[in-house]
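Being a predicted model, the structure only gives us computed values, none of them experimental.
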Amino acid sequence: MATWRVGPATATAIVLAALTGSCGDRPAGIRSTGDEPQSLPAAASEIFREAAAESGLGFVHFNGMSGEKYSHEALGGGVALLDYDNDGDLDVYLVQGAMQGRGKTIEDALFPPRHPLPLTDRLYRNDLELRADGGRVLQFTDVTDRAGFAAHGYGMGVAAGDVDNDGWIDLYVTNFGSNQLWRNRGDGTFGDITAASGTDDRRWSVAAALFDYDRDGWLDLYVGNYVAFTTDTNKLCRFETGLITYCGPLSYPPEPDRLFRNRGDGTFEDATALIRGAPAAGTLGVVTGDFNDDGWLDFYVANDALPNHLWLNEGDGSFREEALLAGVAVNMQGDSEGSMGVTAGDFDNDGDEDLFMTHIDRETNTVYVNDGTAYFVDSSVGTGLGTPSHNFTGFGTSWLDFDNDGWLDVMVVNGSVYDLEPLVLLGDSYALHQTNLLFRNLGGAFEEITDRAGSVFELSEVSRGLAVGDLDNDGYLDAVQANNNGPVRLLINVGDRGNGWLAVQALGRQPARPMLGAVVQVDLDGRSLRRWVRRDGSYASARDPRAHFGLGENRKLRSLRVRWPEGGATRWMAVPEGRQLTVRQRDRAGSGR
């Protein structure tokens, strides 16, 4: 009988404290740019403030916990940030759970839902108010009903992108069961086009990504499936102490993922044959990127307890699986890990995308440093990102420059998958609450600053999805955190250290849509910074697609360059800082707002 790896410390602890790791020296292979971050005062005021309830973001997740120990109850869902109404600010989509099992009704839940019935995914419109005195007031309005959503499945994740090239962002929602593709009609409403588009998958899907792998101008779809579990095949698993708990991923056969190619006529064809050659492995995370810098989008898949996959795009309509040779299939000890979330970004400012992954407790999180050709080195210890995560189970994560100093920091949201019911109940949760983590980049190595991040980081919850974006358009990155069987959290960045910044919305030719996969580079005095236009990554979530640059004290922007995903590049001179800048593929000069 399969069990989670549960030891005495895990089975008895109620709240686990983070280990404080030393950032140490810059690890081998990370080059200094000569522009080091400023020091962060020890007595700095809080960086993030929790503002969900006051802003109208009143969503509460329900996992349907019935006492049957159904595996999907232990995971939880994600969140998407998208500008669905094209008014210039980010709206929020949150996936909801449901009651599951034969003959089960919502009254059978051990803890009844705290969100009003009927339960469904929710869309919240951002009604950002810009005051005459320069102040900003965030206010969200629940527009689910008027938008026409009828998403009553057991929600897991969400991907966002313009699949029909009409200039409006659509949504693909993954479920424990049939998935849904929602087309944005452009009038404030959405229509379910799953059947017509041919994009359904009735297995347990979690991660999904929209990206143009063949550079034909149409977003294709990757769907990451987890394991072959149903409520009818539920198994009985136990702790080492004999107490019944949720079964781990190796208790069930992993399901194969799927790749859909967008035909450009409203339908997709199954292109999964392009990624056959690696075994199914229980996908929980996926992130796209041009990891070998050849102009074609690749993707990296985070698997739970089995080796991860790196699919490199051959540029001829095919992929090759390269994770083992590239050094990202397993960790430095050669062990597969319980990978949950993944994020890609250039944290060492050397011009290529590195990978950061979250894992189950006692494994530590992992950072893989890219040499620019899609060969990676596990630098978890040297960067200081490994040790502090040892007692945490990480899910959603993101690189983000929270202080705008020009170096990507890391946020991780945590929550155990171990069952707590036989031990002690905390509120209405079945699982071990954990606090979240924030790490500041010191120029290629990190210090944990969770204790200075704000009171929201003192909350002990079961966190899952995380989406990062500038929700109030003030130039500082915020975040939305989805909790399993708990309330959503809105983390507003209130830290202002006077650093320069620039946010770039890279749009294509008509219709104007975010060009996912574009590479945006800003040239400063003495250095250049690169950011990639993406929505995917984290755990089951979709982020702000704008390329965000912290500039530190260096406010002189010499130029801005965008390499477009379909080929070619455009350069702009005399770029202003401290603003949201919109550039279009056909432009000779950028337009800002």
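- Between the side chains of E68 and S66, no donor N or O sits under 3.5 Å from an acceptor N or O.
- Considering only residues two or more places apart in sequence or on other chains, F395 meets the ring-ring contact (aromatic ring centres under 6.0 Å, His included) condition with Y539.
- By the ring-ring contact (aromatic ring centres under 6.0 Å, His included) test, Y300 pairs with no residue at all, sequence neighbours left out.
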### Task
Please assess F299 against F291 for the test ring pair (Phe, Tyr, Trp, His ring centres under 6.0 Å), listing each intermediate value before the final yes or no.
CA-CA 8 Å; F299 59 99; F291 298 113; 9.4 Å; no
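- Taking 4.0 Å as the cut-off between side-chain N and carboxylate O, R276 and E321 do not count as a salt-bridged pair.
- Distance alone, capped at 3.5 Å, is enough to place a donor-acceptor pair between the D257 side chain and the N225 backbone.
- Remark: the backbone N or O of A160 is not paired with any side-chain donor or acceptor of D170 at under 3.5 angstrom.
- When atom types are taken as modelled, the side chain of N179 and the backbone of N175 share a donor-acceptor pair closer than 3.5 angstrom.
- Every residue two or more places apart in sequence or in another chain that forms a side chain to side chain contact (heavy atoms under 4.5 Å, CB included) with L408 is listed here: F347, W399, D401, R531.
- In terms of the side chain to side chain contact (heavy atoms under 4.5 Å, CB included) criterion, residue partners of V60 (sequence neighbours excluded) are, by chain and number, R114, H115, P487.
- Ring-plane geometry between H72 and F229 is classed as tilted, the angle between the planes lying from 30 to 60 degrees on a 0 to 90 degree scale.
- Listed for the S197 side chain is a donor-acceptor partner under 3.5 Å among the backbone atoms of I193.
- S416 and Q434 form no side-chain donor-acceptor contact under 3.5 Å, judged by distance and modelled atom types alone.
- Between the side chain of H309 and the main chain of A302, no donor-acceptor pair closer than 3.5 Å is present.
- The salt bridge (charged side-chain N to carboxylate O under 4.0 Å, His left out) search around D214 returns R261, not counting sequence neighbours.
- Taking D290 as the reference, R563 meet the salt bridge (charged side-chain N to carboxylate O under 4.0 Å, His left out) condition, with sequence neighbours excluded.
- One N or O on the side chain of D220 and one on the backbone of N262 form a donor-acceptor pair closer than 3.5 Å.
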